[in-house]
Peer 1: 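Please see the structure below; I have some questions.
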Protein chains: 2
Amino acid sequence: MNKIDIKTLAKELNVSPATITRAFRGYSDINPETKERILALAKKLNYHPNYYASNLRETKSKTIAVIIPQLRDIFFSLAIDGLESLANQKGYHILIYRTENQYEKEVSFINYLQNGRVDGIIMSGCAEAQDHKYLHQLQKRNIPVVFFDRIYDDVKAPKVSTDDYESSYKATKLLAERGCKKIAHLGYKNARSIGKTRMEGYQDALKDFGLPVDEQLIINCLDDNEQNYACISLAIKSLKPDGIFAAGENLAFISYKICHELQIKIPDALKIISYSSSEVADLLNPSLTTITQPALEIGNKAAMLLFQILEGESQAVENQIILQSELIERESTRMR
Amino acid sequence: MNKIDIKTLAKELNVSPATITRAFRGYSDINPETKERILALAKKLNYHPNYYASNLRETKSKTIAVIIPQLRDIFFSLAIDGLESLANQKGYHILIYRTENQYEKEVSFINYLQNGRVDGIIMSGCAEAQDHKYLHQLQKRNIPVVFFDRIYDDVKAPKVSTDDYESSYKATKLLAERGCKKIAHLGYKNARSIGKTRMEGYQDALKDFGLPVDEQLIINCLDDNEQNYACISLAIKSLKPDGIFAAGENLAFISYKICHELQIKIPDALKIISYSSSEVADLLNPSLTTITQPALEIGNKAAMLLFQILEGESQAVENQIILQSELIERESTRMR
DNA sequence: TTGTAAGCGTTATCAC
DNA sequence: GTGATAACGCTTACAA
């Protein structure tokens with residue numbers, strides 16, 4: 001019940017606090033028997049070295065922060081799963097921060113983390129278009145940052161991303177090859193870096209296949225399912241696209257629902273392809289053609305890069321890892 | 001670049017460290033002008049009070065640990081989203097620990113957390129059948145624990161769960177009412193509390209509808225999709241159930257896939273109902289009848305209970321919140 | 001192999 | 001309103 005600290009434990013055993021430390025940290029300059037005695041009593045009394053006191057001395061926290069827009073997005077869940085498993089192996093702990101795509105939250109998290117609470121940060125940004133000086137402050141403090149997926153081009157840091165331009169190009173190309181003439185793009189509004197790149201791949205493919213780039217067909221979506229439903233529904237009704245390229249699986253799921261309600265046949269009347277990390281793509285009616293990012297691996301590699309820096313291989317700062325996404329064609333883009 | 005601490009800042013401004021503290025903690029016994037000077041220079045020099053030093057003094061970390069089996073399970077992602085939003089409001093930070101349903105990991109996380117690193121713990125257990133004395137140790141240290149969803153009945157702590165028995169009963173009843181005579185149950189093997197309760201609701205409903213309880217029809221699943229695929233597939237082929245009640249959406253998704261491959265028509269030849277938190281249930285082919293748990297709210301309530309304790313309303317320890325799940329009937333259980 | 005003692009950077013208590 | 005000072009509980013030189 002009463003808190004027991006290193007000194008009382010030391011007194012109890014007639015050794016010095018330093019020796020207790022030696023036992024707990026696995027140092028070699030200690031008599032094995034002493035060590036055993038110490039650990040035995042510690043276990044019995046349920047003594048554990050105080051985390052905050054240790055860290056204050058060591059100035060290493062073995063903790064990293066992960067900043068992401070949303071957890072409920074399966075892509076991010078998977079990325080964190082991948083990242084956590086490596087972190088856990090390495091003895092690191094993970095703090096989670098959710099920005100909900102709000103720039104102010106991102107800034108405030110980063111500012112907070114200047115207090116030395118974490119050894120490093122892994123993040124997926126939500127504010128490409130904004131000023132990033134709050135991040136430069138961090139770097140001055142020697143707190144390394146690694147980006148994944150939603151990266152900031154103007155910040156010098158290791159980054160893990162996927163071949164967004166190429167995949168988007170391929171996705172749009174596939175729709176064109178399957179006969180679509182009026183291909184809509186459902187993207188996310190906030191000018192995030194990946195939003196831009198996905199858009200470019202889409203537009204370039206349109207041009208290469210002699211299809212006009214119609215601004216109307218580019219639908220800016222938000223994080224609100226209801227609102228997205230309304231605006232995608234409106235777009236489908238009024239513009240009658242025969243192909244949809246969605247930048248996120250939720251947008252595809254919503255499109256499915258709308259088609260079902262409007263009795264628009266997929267893929268006959270409308271073909272759909274979407275970025276997706278979810279295993280259910282295969283189970284939808286019809287099964288959904290996807291571009292699937294290696295989410296687990298992205299998280300894993302991001303953690304790897306961060307640990308490289310933390311372990312002193314500082315050239316890693318220059319690292320840019322670009323992983324391949326996979327285009328998996330299913331029924332939603334089949335020709336009849 | 002060079003680290004700046006409270007003393008150097010104090011020297012710079014010709015005040016004492018104590019006054020700096022007063023400025024940063026918003027204490028009233030400080031001249032507003034002095035405060036302004038301090039905060040201004042602090043901002044300029046990018047000074048932030050060291051987190052570990054503060055905590056060592058205060059013995060409050062404003063941090064909670066969340067221990068869950070998996071992050072990629074949408075139910076847990078949602079629960080954490082719900083929990084994080086309240087935590088964030090209250091100024092708390094969240095450490096995530098993933099057990100992957102391994103008892104040893106759960107024990108080791110809990111033991112680790114005895115070091116005073118967090119003010120409290122919110123967890124969903126993975127080892128109902130095992131010994132829980134490691135948790136009692138925690139409680140001696142006055143680190144409160146709140147359970148959600150996968151609760152341990154033998155541990156005295158606040159708990160948030162859903163009406164698992166009733167929902168399972170209702171689910172099984174629905175299948176019986178829709179004419180199923182041979183209802184299989186896909187459940188999770190590790191005898192978790194909710195696993196047991198779901199099972200009981202299933203068995204009691206069978207009895208009440210005059211259907212035999214056949215052990216063979218109770219399929220024990222694991223966390224491995226591949227293996228589950230194999231054993232569910234085998235069960236469907238050999239036992240030919242006409243109804244399936246799945247304890248988790250993954251198991252339902254897998255069943256869909258198997259039916260598709262075996263050309264078994266849902267719901268004509270086989271009706272399916274499943275626990276699910278995913279929004280895609282509605283988009284499957286056919287749409288999936290679900291029992292949907294209020295995941296966000298579960299997380300939110302769990303956090304609420306923990307904060308009540310941390311804020312001194314200790315009677316909260318007795319709290320047991322049971323939330324209602326919703327049965328949403330869709331096409332996968334329709335009669336033809 | 002072990003002990004002593006000086007910090008780590010804060011904050012609380014008490015003076016002034 | 002402000003400053004000196006003693007903790008908080010640990011780790012690490014250095015000495016023995």
Side-chain angles (χ1 to χ4, degrees), chain A residues 2-39 41-42 45-63 112-119 141-143, chain B residues 2-39 41-42 45-63 112-119 141-143:
Chain A
N2 351 351
K3 284 165 199 165
I4 165 156
D5 64 7
I6 203 171
K7 279 186 194 165
T8 54
L9 187 65
K11 225 164 266 170
E12 207 77 37
L13 287 158
N14 271 314
V15 297
S16 73
T19 303
I20 308 270
T21 294
R22 286 188 260 261
F24 268 90
R25 312 215 112 209
Y27 294 148
S28 54
D29 58 343
I30 183 175
N31 184 321
E33 282 171 28
T34 321
K35 179 169 174 177
E36 218 166 298
R37 270 176 60 221
I38 293 175
L39 294 181
L41 188 64
L45 300 181
N46 199 27
Y47 164 79
H48 299 261
N50 180 286
Y51 176 75
Y52 293 99
S54 306
N55 276 123
L56 177 56
R57 273 302 313 235
E58 298 187 83
T59 63
K60 277 282 155 268
S61 63
K62 284 278 198 172
T63 301
Y112 170 77
L113 292 170
Q114 309 249 11
N115 65 7
R117 166 162 210 176
V118 297
D119 295 344
R141 275 199 122 64
N142 282 320
I143 298 174
Chain B
N2 351 351
K3 285 164 197 165
I4 165 157
D5 64 7
I6 203 171
K7 281 183 192 165
T8 54
L9 187 65
K11 224 165 264 170
E12 207 77 38
L13 287 158
N14 269 314
V15 297
S16 73
T19 304
I20 308 270
T21 293
R22 286 188 259 261
F24 267 91
R25 311 217 111 207
Y27 293 150
S28 55
D29 58 343
I30 183 175
N31 185 322
E33 280 170 32
T34 322
K35 179 170 175 175
E36 217 166 299
R37 272 176 58 222
I38 293 174
L39 294 180
L41 187 66
L45 299 181
N46 199 25
Y47 164 79
H48 299 260
N50 179 288
Y51 176 76
Y52 293 99
S54 304
N55 275 127
L56 177 56
R57 272 303 314 230
E58 299 188 82
T59 63
K60 278 280 154 270
S61 63
K62 283 277 196 174
T63 302
Y112 170 77
L113 291 170
Q114 310 248 9
N115 65 5
R117 169 164 206 174
V118 297
D119 295 343
R141 275 199 122 63
N142 280 321
I143 298 174

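Predicted model only: the values in this text are computed from it and were never measured. In what follows, chains carry the letters A, B, and so on, assigned in the order in which the sequence lines appear, proteins first and then strands, with residues in each chain numbered from 1.
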Peer 1: Toward the 5' end of DNA chain D, which comes first, B:Leu56 or B:Ser28, by nearest nucleotide?
Peer 2: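 That would be B:Ser28.
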Peer 1: Starting from C1' on D:dG1, measure out to CG on B:Leu13 and report it in whole angstrom.
Peer 2: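 Nearest whole value for this atom pair: 16 Å.
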Peer 1: B:Asp5 has an atom CG; how far is it from atom P of C:dG7, in whole Å?
Peer 2: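 It works out to 14 Å between those atoms.
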Peer 1: Please examine the side chains of B:Ile6 and B:Tyr47, heavy atoms only from C-beta on, and report whether any two atoms are closer than 4.5 Å.
Peer 2: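 Heavy-atom side-chain distance check passes, below 4.5 Å.
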Peer 1: Applying the side chain to side chain donor-acceptor pair (under 3.5 Å) test to B:Arg117, which of A:Asn50, A:Thr63, A:Asn55 qualifies?
Peer 2: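 By the side chain to side chain donor-acceptor pair (under 3.5 Å) criterion, B:Arg117 pairs with just one of A:Asn50, A:Thr63, A:Asn55: A:Thr63.
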Peer 1: What's B:Asn14 touching, base or sugar-phosphate or nothing? Going by heavy atoms closer than 4.0 Å.
Peer 2: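 Contact class for B:Asn14: sugar-phosphate only.
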Peer 1: Under 4.0 Å, counting only non-hydrogen atoms across every strand here, what does A:Thr34 touch: a base, just sugar-phosphate, or nothing?
Peer 2: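 Result for A:Thr34 = sugar-phosphate.
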Peer 1: Find the distance B:Lys11:NZ to C:dT10:P and express it as a whole number of Å.
Peer 2: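 Between P of C:dT10 and NZ of B:Lys11: 13 Å.
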Peer 1: With side chains defined as the heavy atoms from C-beta onward, is the minimum distance between A:Leu39 and A:Phe24 less than 4.5 Å?
Peer 2: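 Contact flag for A:Leu39/A:Phe24 side chains = yes.
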Peer 1: Whole angstroms only, please: what is the CG-C1' distance between A:Asn55 and C:dT10?
Peer 2: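 That distance rounds to 14 Å.
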Peer 1: For the pair made of CD in A:Glu36 and P in C:dT2, what is the distance, rounded to whole Å?
Peer 2: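 The distance from CD of A:Glu36 to P of C:dT2 comes to 13 Å, rounded to the nearest Å.
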Peer 1: Which whole-number value in Å describes the distance from A:Tyr52 OH to C:dT11 P?
Peer 2: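 After rounding, the reported distance stands at 14 Å.
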Peer 1: Mark yes or no for whether B:Asp119, through its side chain, and B:Lys62, through its backbone, hold a donor-acceptor pair below 3.5 Å.
Peer 2: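 Side chain of B:Asp119 to backbone of B:Lys62, a donor-acceptor pair under 3.5 Å: yes, one is there.
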Peer 1: Between protein and nucleotides 11-16 of chain D, map the contacts as a letter string: B base, S sugar-phosphate only, - none, heavy atoms under 4.0 Å, written 5' to 3'.
Peer 2: BB----
Peer 1: Return the minimal non-hydrogen interatomic distance between A:Gln114 and A:Ile143, and the atom names on each side.
Peer 2: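 Taking every non-hydrogen atom into account, CA-CD1, 4.4 Å.
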Peer 1: What integer distance in Å separates B:Lys7:NZ from C:dT11:C1'?
Peer 2: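 Whole-Å distance recorded here is 12 Å.
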Peer 1: Can you tell me the distance, in whole Å, between the CD1 atom of A:Ile38 and the P atom of C:dT1?
Peer 2: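 To the nearest whole Å, that distance equals 13 Å.
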Peer 1: Taking the side chain as every heavy atom from C-beta outward, state whether A:Leu9 and A:Asp5 have any atom pair closer than 4.5 Å.
Peer 2: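 A:Leu9 vs A:Asp5: side chains apart.
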Peer 1: What side chain to side chain donor-acceptor pair (under 3.5 Å) pairs are there with at least one residue in residues 13-33 of chain A, not counting sequence neighbours?
Peer 2: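 Non-adjacent pairs meeting side chain to side chain donor-acceptor pair (under 3.5 Å): A:Ser16-A:Thr19, A:Arg25-A:Glu58.
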